[in-house]
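Here the structure is laid out as structure tokens; the discussion comes afterwards.
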Amino acid sequence: MSVRVRFAPSPTGALHIGGARTALFNWLFARHMKGKFILRIEDTDRTRSTIDAVRTILHGMEWLGLDWDEGPQVDGPFGPYFQTERLELYRQYAEQLTKEDKAYYCFCSPETLAEKRKQAEARKEAPRYDASCRKLSSAEIIRNQSAASPMVIRFKMPAGARTEVADLIRGKVEFDNDLLDDFIIIKSDGFPTYNFAAVVDDHLMEITHVIRGDDHLSNTPRQIVLYQALGWLLPCFAHIPMILGPDKARLSKRHGAASVVEYRDLGYLPEAVLNYIAKLGWGHKDQEIFSRAELIELFRLEGVGKTPAVFDVEKLKWLNGHYIRSALPERIVDLCEPLLIEAYGDHDVEHISRVVKLFLDRLKLIPEIVPLTAYFFKDDFEFEEKAVTKYLKAPQAPQILSALRDHLAKVEPFKKEEIEKVFKALAEELKVKLGVVIHPCRAAVSGRTETPPMYDVLEVLGREKVLVRLSKALGTRPA
RNA sequence: GGCCCCAUCGUCUAGGGGUUAGGACAUCAGCUUUUCAAGCUGACGACCGGGGUUCGAAUCCCCGUGGGGCUACCA
């Protein structure tokens, strides 16, 4: 039997890092096993679900390249893939359970429930539903129903038994049913609750492996008793560890970027994010860098750890730098171009391309290109304090700058190889180290103490700008 | 409160009875050089605590402690 897994987000917000990682593990498992990856939207919370959130989740998946075989925009034989379009199914199975006396109507108001819960807590008891509606006679039920009292359907938790979860990552985990109460399966608005809808859909969609966050482990016994009550076979369960913020609390918006797509805007490459989140809780030997194909080939559930992982932006940045360096330069140019145009106005694309390529080695994040390159795009760039005091005001600076200006005015062609000869000849003539002639030049043309290699910078800047800047540093007009 | 999960450098992790406890990010230093990066080399740096089991525990068991989750008409 072929593997079928699903990612089932609830559209109450964007696709965040934790969700993306769950989606990725499911996707990798499906691709590795040559099975199917299903995307199902769990939108049964009518007050919090939005179609906007559905859109951003889909965008996040697409940006990471996690394609689904069945789901929104794709469809498939087990649809629909939005839970709100499957209401009839849930209603039908809830009714079956009611008829078989495995579930019952409950008319307790939320207020009564809240009150009882409060009292239980005051008595330091577990705040469980007291099952008072379990004993309602059919006459009472009919009376309540015709009185149109709000009602829910609760599952009759089988007492006196233990439920065992055979988890692929954690092994056997046991729960005592008596500690679980008669939870609601159909809400008063007619919508199913998570535990019920997930079970019905996972069964109907023939899901073989449920790979999801650790936060669902405690929900699993509730789902298992539901499978048993409905007479269905269990899927395999695999609960993956959570992702934490630096304070060890569950990762959330207050730890920074909430949405995966925000990382794109911050200047991350999707392959860097993918590689990073894959390594959060999973690994293969000492390997750090994984291509998409390697991930698919090497991923297996046995490689997933049990320990929650703290999200480390520094390591993500390092990976991003790595992927920027190994990407096709033109691709990085394309990513930088709009930012540079926004900051410095229109410029020749060829010029932009040459500039960006000088900085490939020192970029960790795409937007860093902007502050790094001001002197290539405008003439009124800032001068660093140190560039002025240490290099431009050095005693021998005027002599060096003016000699450079004279030679660079004549050098032909104005290419780095020829420019290099000028510098070397001058250093030799003055009997000084190369750096002594380069430093003041760097300060004069860029206002900085650090730039890409000098000859490249000069070539890209062009003779005209270079001569003007050298003259300006000398306090004179171009010769 | 009850139940459940988890516990190796600051962070991600390898290691599942005998290891100099390995790798990566970060940090620091050196090399290279024309500055900054990149790259290379090196340094620093960890088995949560206590009891067992054992000739021998990071590793197995128990108890603490700490963190996280569930306990909703949220998923």
Side-chain angles (χ1 to χ4, degrees), chain A residues 8-12 42-45 47-49 83 106 108-110 113-114 117 120-121 123-129 150-154 165 167 169-170 173-176 179-181 183-195 197-198 212-222 239 241-242 244 246-250 276 279-283 285-289 305-319 321-322 325 359-364 372 387 391 420 423 427 433-439 441-443 446 448-455:
Chain A
S10 85
T12 53
E42 307 214 328
D43 53 353
T44 54
D45 183 340
T47 56
R48 297 199 306 146
S49 299
Q83 289 188 326
C106 168
C108 296
S109 73
L113 259 19
R117 195 174 306 125
E121 273 166 24
R123 274 178 274 128
K124 297 230 190 248
E125 281 171 18
R128 302 173 47 224
Y129 176 58
M151 65 172 183
V152 301
I153 299 180
R154 284 184 185 270
V165 181
D167 191 275
I169 293 170
R170 319 208 166 237
V173 183
E174 281 196 5
F175 295 85
D176 186 347
L179 266 14
L180 273 22
D181 60 2
F183 59 91
I184 293 173
I185 57 176
I186 300 287
K187 303 186 257 185
S188 59
D189 63 5
F191 284 61
T193 53
Y194 162 72
N195 283 125
R212 80 228 304 193
D214 215 358
D215 48 340
H216 289 299
L217 183 56
S218 302
N219 276 318
T220 310
R222 281 175 250 273
H239 288 93
M242 314 236 69
L244 277 21
D247 59 356
K248 309 258 184 183
R250 188 202 204 124
Y276 181 69
K279 287 250 346 167
L280 234 35
W282 172 86
K285 300 188 175 161
D286 277 347
Q287 193 169 339
E288 296 289 338
I289 308 291
K306 307 176 181 184
T307 338
V310 173
F311 187 83
D312 180 11
V313 196
E314 289 309 315
K315 191 150 186 178
L316 210 210
K317 279 188 189 170
W318 168 74
L319 265 172
H322 167 84
R325 271 171 258 132
F359 288 88
L360 258 19
D361 269 357
R362 48 216 92 196
L363 251 33
K364 274 206 170 77
L372 250 19
Y391 298 120
E420 178 171 5
F423 278 81
K433 280 172 56 176
L434 207 44
V436 174
V437 329
I438 284 176
H439 294 317
C441 179
R442 169 176 290 115
S446 73
R448 306 200 175 209
T449 55
E450 81 287 336
T451 68
M454 196 74 274
Y455 316 136

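Below, chain A is the first sequence line, B the second, and so on; all start at residue 1.
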Practice prompt. Select from A:D312 and A:A8 the residue whose nearest nucleotide in RNA chain B is closer to the 5' end of that strand.
Written response: A:D312

Item to complete: Ignoring backbone atoms, establish whether A:K306 has a side-chain N or O less than 4.0 Å from OP1 or OP2 of B:C6.
Response: yes

Worksheet item: For B:C70, what is the paired nucleotide under Watson-Crick or G-U wobble rules, both distances under 3.5 Å?
Response: B:G2

Practice prompt. Look through every strand shown and name the nucleotide pairing with B:A38 as Watson-Crick or G-U wobble, where both distances are under 3.5 Å.
Written response: none

Worksheet item: Among all residues two or more places apart in sequence or in another chain, which pass the ring pair (Phe, Tyr, Trp, His ring centres under 6.0 Å) test with A:F175?
Response: none

Practice prompt. Please measure how far the C1' atom in B:C48 lies from the corresponding atom in B:A7, and state the result in whole Å.
Written response: 7 Å

Practice prompt. Indicate for each nucleotide in nucleotides 33-45 of chain B, in 5' to 3' sequence, whether protein heavy atoms under 4.0 Å reach the base (B), only the sugar-phosphate (S), or nothing (-).
Written response: -BBBBSS------

Worksheet item: Rounded to whole angstroms, how far apart are NZ on A:K315 and P on B:C9?
Response: 14 Å

Worksheet item: How does each nucleotide of nucleotides 63-73 of chain B score, in 5' to 3' order, for protein heavy atoms under 4.0 Å: base (B), sugar-phosphate only (S), or none (-)?
Response: ----SSBSSSB

Worksheet item: With sequence neighbours excluded, what pairs up with A:F191 under the ring pair (Phe, Tyr, Trp, His ring centres under 6.0 Å) test?
Response: none

Item to complete: May I ask you to say what A:T44 touches in the nucleic acid, namely base, sugar-phosphate or nothing, with a heavy-atom cut-off under 4.0 Å?
Response: sugar-phosphate

Item to complete: Give the rounded distance in Å between these two atoms: NZ of A:K317 and P of B:C12.
Response: 18 Å

Worksheet, complete the sentence: A:A309 meets the side chain to side chain contact (heavy atoms under 4.5 Å, CB included) criterion, sequence neighbours left out, with A:L280

Practice prompt. Determine the Euclidean distance between corresponding P atoms of B:C25 and B:G18; express it in Å to zero decimal places.
Written response: 29 Å

Fill in: A:Y455 and A:F423 aromatic ring geometry - parallel, tilted or perpendicular at 30°/60° bounds
tilted

Practice prompt. Under a 3.5 Å limit for both distances, which nucleotide forms a Watson-Crick or G-U wobble pair with B:C60, could you say?
Written response: B:G52

Worksheet item: Rounded to the Å, how far apart are A:L316 CG and B:U13 P?
Response: 14 Å

Worksheet entry | Which residues share a side chain to side chain contact (heavy atoms under 4.5 Å, CB included) with A:D43, sequence neighbours left out | A:P11, A:I41, A:S49, A:F82, A:Q83, A:T84

Fill in: Distance, P atom - from B:C74 to B:A58, rounded to whole angstrom
49 Å

Item to complete: Can you tell me, in whole Å, how much space there is between the C1' of B:U11 and that of B:C31?
Response: 28 Å

Worksheet item: Got a sec, which residues hit ring pair (Phe, Tyr, Trp, His ring centres under 6.0 Å) with A:H322, two or more places apart in sequence or on another chain?
Response: none

Worksheet entry | Residues forming a side chain to side chain donor-acceptor pair (under 3.5 Å) with A:K364, sequence neighbours excluded | none

Worksheet item: Atom CD1 of A:I169 to atom P of B:A7: distance rounded to whole Å?
Response: 13 Å

Discussion item. Strictly distance-based, threshold 3.5 Å: is any side-chain N or O of A:Y129 a donor or acceptor partner for the main-chain N or O of A:R154?
Written reply: no

Practice prompt. Assign A:G281 to base, sugar-phosphate, or nothing according to its heavy-atom contacts below 4.0 angstrom with the strands shown.
Written response: sugar-phosphate

Worksheet, complete the sentence: Pairing partner of B:A21, by Watson-Crick or G-U wobble and under 3.5 Å for both distances, is none

Discussion item. Does A:Q287 reach a base, just sugar-phosphate, or nothing at all? Heavy atoms under 4.0 Å.
Written reply: nothing

Worksheet item: Does A:Q287 have any side chain to side chain contact (heavy atoms under 4.5 Å, CB included) partners at least two apart in sequence or in another chain, and if so, which?
Response: A:H284, A:F290, A:E294, A:L298

Item to complete: Report the distance from atom CD of A:E288 to atom C1' of B:G22, rounded to the nearest whole Å.
Response: 12 Å

Practice prompt. Hunt down the Watson-Crick or G-U wobble partner of B:G16, both distances under 3.5 Å, from any strand shown, or write none.
Written response: none

Response to the item:
With syn meaning chi within 90° of zero and anything else anti, the base of B:G69 is anti

Discussion item. What's the gap between B:C9 and B:A46 when it is taken at their P atoms, as a whole Å value?
Written reply: 9 Å

Fill in: Partner nucleotide, any strand, of B:A43 [Watson-Crick/G-U, under 3.5 Å]
B:U27

Worksheet item: Within a strict 4.5 Å, meaning less than it, do heavy atoms of the A:L363 and A:L372 side chains meet?
Response: yes

Worksheet item: In whole angstroms, how far is the P atom of B:C5 from the CZ atom of A:R212?
Response: 16 Å

Worksheet item: What integer number of Å spans the P atoms of B:A72 and B:G64?
Response: 26 Å

Item to complete: Would you mind telling me which of A:R212, A:H216, A:R170 makes a side chain to side chain donor-acceptor pair (under 3.5 Å) with A:H239?
Response: A:R212

